[in-house]
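When reading the values below, keep in mind they use all heavy atoms of this one structure, side chains included, and skip hydrogens, waters and symmetry mates.
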Amino acid sequence: MCESRPLNSQSMVATLTSTPPSFLPLWRRKLPTFNPTQCLGTGKEALEISSNGYIKTNTTGFPEKGISTRPGTSSTPRPPRPRRIILVRHGESEGNVDETVYTRVPDPKIDLTEKGKAEAEECGWRIREMIEKDGANDWKVYFYVSPYKRTLETLRHLGLAFERSRISGMREEPRIREQDFGNFQDREKMRLDKALRLRYGRFFYRFPNGESAADVYDRITGFRETLKADIDIGRFQPPGEQSPNVNLIIVSHGLALRVFLMRWYKWTVQQFEGLNNMGNGNLIVMQKGYGGRYSLSMHHNEEELREFGLTDEMLIDQEWQKTARIGELNYDCPMVNSFFPHFEDEGCIT
């Protein structure tokens with residue numbers, strides 16, 4: 001261990017070297033060596049064992065460092081990406097049918113209605129039917145869920161469609177919670193605030209003591225990075241398995257899910273403000289395309305996407321996403337072409 005003495009005094013050195021170890025200052029003590037792989041057993045076991053059944057190329061105990069992020073590298077290749085990311089809006093809640101509920105019940109504690117529970121269960125069976133059409137026998141689902149009561153109840157009823165062996169895991173994720181409108185809500189004031197939001201802009205208007213959609217965007221960005229890291233290291237894969245038939249299901253709220261799509265596909269504020277809310281208990285499917293990227297056009301037809309609010313430019317991009325490979329950029333992006341008017345003179349497609 002490297003040492004640095006504060007003084008060049010022989011008496012000081014003699015005093016320190018004769019001091020019992022327990023009384024030595026930290027810079028003089030010989031600390032025990034820490035083995036970062038000791039919780040996994042021997043160093044060899046740390047190299048050979050991982051929770052996902054593939055060999056790690058590091059001894060740090062962090063699986064992320066054993067994943068290749070570039071083609072052609074010598075480290076272990078990436079696990080298969082999930083087949084789908086399925087976005088589910090919660091079933092009908094008491095607040096959806098009676099806005100006065102928000103004045104006496106905290107937003108995170110609002111229940112589903114009986115209709116909402118039925119919507120959630122039906123949604124679960126719709127998802128199962130969609131997955132079973134793939135014809136794979138090893139399919140599984142993994143859930144992310146907002147901690148609000150109505151989303152937890154939605155997941156509980158949606159989950160009735162799946163036996164335990166089909167569920168590889170779940171995680172409660174606070175970053176995908178509802179937009180914060182500010183504790184207990186005054187009904188008349190909330191109506192005024194929502195009218196002001198339409199005038200100001202749905203993305204940037206911040207509710208008093210609450211959030212704007214821009215604030216939600218910031219926390220959704222953090223969640224997206226976590227999600228991408230989870231995908232890259234195969235966190236959804238059961239031990240010893242490397243299946244491409246895992247489906248991620250995110251149970252959240254209307255605005256949070258629209259912001260998630262905005263962040264994932266890099267939509268503009270204007271494009272976000274043109275989107276329509278999903279119905280209660282409905283879903284949007286991001287399905288893996290032929291090059292490995294996720295596209296809405298793999299599952300939804302043009303009519304469905306236009307009803308959701310996608311423009312011509314957004315639809316063109318979704319078609320590109322169907323065949324593009326991971327890491328590719330769309331250099332003929334229609335949004336760039338239409339943003340600069342003078343490109344029309346060059347014959348660019350807008």
Side-chain angles (χ1 to χ4, degrees), residues 81-94 96-97 111-146 148-173 176 178 227 231 236 243-261 264-265 275-289 294-310 315 318 321-322:
R81 297 187 112 197
R83 183 174 294 275
R84 299 177 183 87
I85 302 174
I86 303 170
L87 311 181
V88 176
R89 186 187 176 199
H90 62 81
E92 181 186 79
S93 73
E94 293 178 347
N96 292 136
V97 296
D111 293 299
L112 289 183
T113 63
E114 289 304 313
K115 178 183 177 182
K117 294 174 183 178
E119 289 173 338
E121 185 173 350
E122 181 186 0
C123 181
W125 289 108
R126 285 172 58 197
I127 292 173
R128 180 170 186 132
E129 181 182 3
M130 173 176 58
I131 294 173
E132 288 182 334
K133 286 181 179 178
D134 296 334
N137 295 322
D138 62 343
W139 64 266
K140 285 183 170 32
V141 293
Y142 187 100
F143 299 106
Y144 289 93
V145 60
S146 157
Y148 278 38
K149 191 173 182 179
R150 56 187 177 272
T151 42
L152 294 171
E153 288 182 343
T154 296
L155 177 56
R156 190 166 289 116
H157 287 82
L158 181 154
L160 294 173
F162 306 98
E163 55 269 27
R164 179 62 184 88
S165 61
R166 293 297 187 183
I167 301 175
S168 62
M170 64 167 288
R171 183 184 304 174
E172 184 177 292
E173 178 52 74
I176 59 173
E178 175 66 289
L227 179 63
I231 290 173
F236 319 108
S243 171
N245 299 308
V246 175
N247 295 267
L248 305 185
I249 301 175
I250 300 175
V251 183
S252 184
H253 309 263
L255 181 132
L257 294 175
R258 298 198 306 276
V259 170
F260 176 84
L261 289 168
W264 189 280
Y265 292 116
L275 297 176
N276 298 308
N277 203 6
M278 298 164 55
N280 291 116
N282 278 346
L283 52 87
I284 292 277
V285 180
M286 303 164 60
Q287 185 166 319
K288 189 166 61 175
Y294 291 100
S295 169
L296 300 177
S297 295
M298 288 294 296
H299 178 82
H300 299 280
N301 59 41
E302 180 180 335
E303 182 181 355
E304 291 172 332
L305 294 178
R306 285 192 183 278
E307 185 178 350
F308 183 53
L310 268 67
L315 290 169
Q318 289 303 312
Q321 301 278 352
K322 287 172 67 172

Contact list for residues 155-170, test side chain to side chain donor-acceptor pair (under 3.5 Å), sequence neighbours left out: Arg128-Glu163
Residue pair Lys149, Asp111: steps toward the salt bridge (charged side-chain N to carboxylate O under 4.0 Å, His left out) verdict: CA-CA 6 Å; Lys149 191 173 182 179; Asp111 293 299; 2.7 Å; yes
Donor-acceptor side-chain pairing of Glu94 and Thr113 below 3.5 angstrom: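 Distance-only check fails for Glu94 and Thr113.
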Short side-chain donor-acceptor distance under 3.5 Å, Asn245 and Arg83: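 There is such a pair (donor and acceptor under 3.5 Å, judged by atom type) between the side chains of Arg83 and Asn245.
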Nearest heavy-atom neighbours spanning Ser252 and Ser146: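 Heavy atoms only, the tightest pair is CA-CB, 4.4 Å.
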Test log, rule side chain to side chain contact (heavy atoms under 4.5 Å, CB included), inputs His253 and Arg89: CA-CA 5 Å; His253 309 263; Arg89 186 187 176 199; 5.7 Å; no
Evaluate the side-chain proximity of [Y] to [X]: yes if any heavy-atom separation is below 4.5 Å, no if none is.
X: Phe260; Y: Leu87; result: yes
X: Ile127; Y: Val88; result: yes
X: Arg258; Y: Met278; result: no
X: Phe236; Y: Ile231; result: yes
X: Asn247; Y: Pro82; result: no
X: Glu172; Y: Tyr144; result: no
X: Leu248; Y: Ile86; result: no
X: Tyr148; Y: Ser93; result: no

Pair Glu114 + Lys117: basic N to acidic O under 4.0 Å: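 Salt bridge: yes.
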Salt-bridge contact Arg306-Glu302 (side-chain N to carboxylate O under 4.0 Å): yes
Hey, can you pull the donor-acceptor pairs under 3.5 Å for the side chains in residues 280-287, sequence neighbours left out?
unit_1	atom_1	unit_2	atom_2	d
Asn280	ND2	His90	O	3.2
Asn280	ND2	Asn96	OD1	3.3
Gln287	OE1	Arg84	NE	3.2

At what distance, to the nearest 0.5 angstrom, does [atom1] of [X] lie from [atom2] of [Y]?
X: Tyr294; Y: Tyr265; atom1: OH; atom2: OH; result: 9.5 Å
X: Leu310; Y: Gln318; atom1: CG; atom2: CD; result: 6.0 Å
X: Ile250; Y: Leu257; atom1: CD1; atom2: CG; result: 7.5 Å

Look at the side chain of [X] and the backbone N and O of [Y], then say whether any donor-acceptor pair between them is shorter than 3.5 Å.
X: Glu132; Y: Glu129; result: no
X: Lys115; Y: Glu92; result: no
X: Asn301; Y: Glu303; result: yes

Partners passing side-chain hydrogen bond (donor to acceptor under 3.5 Å, both in side chains) against Thr154 (at least two apart in sequence or in another chain): none
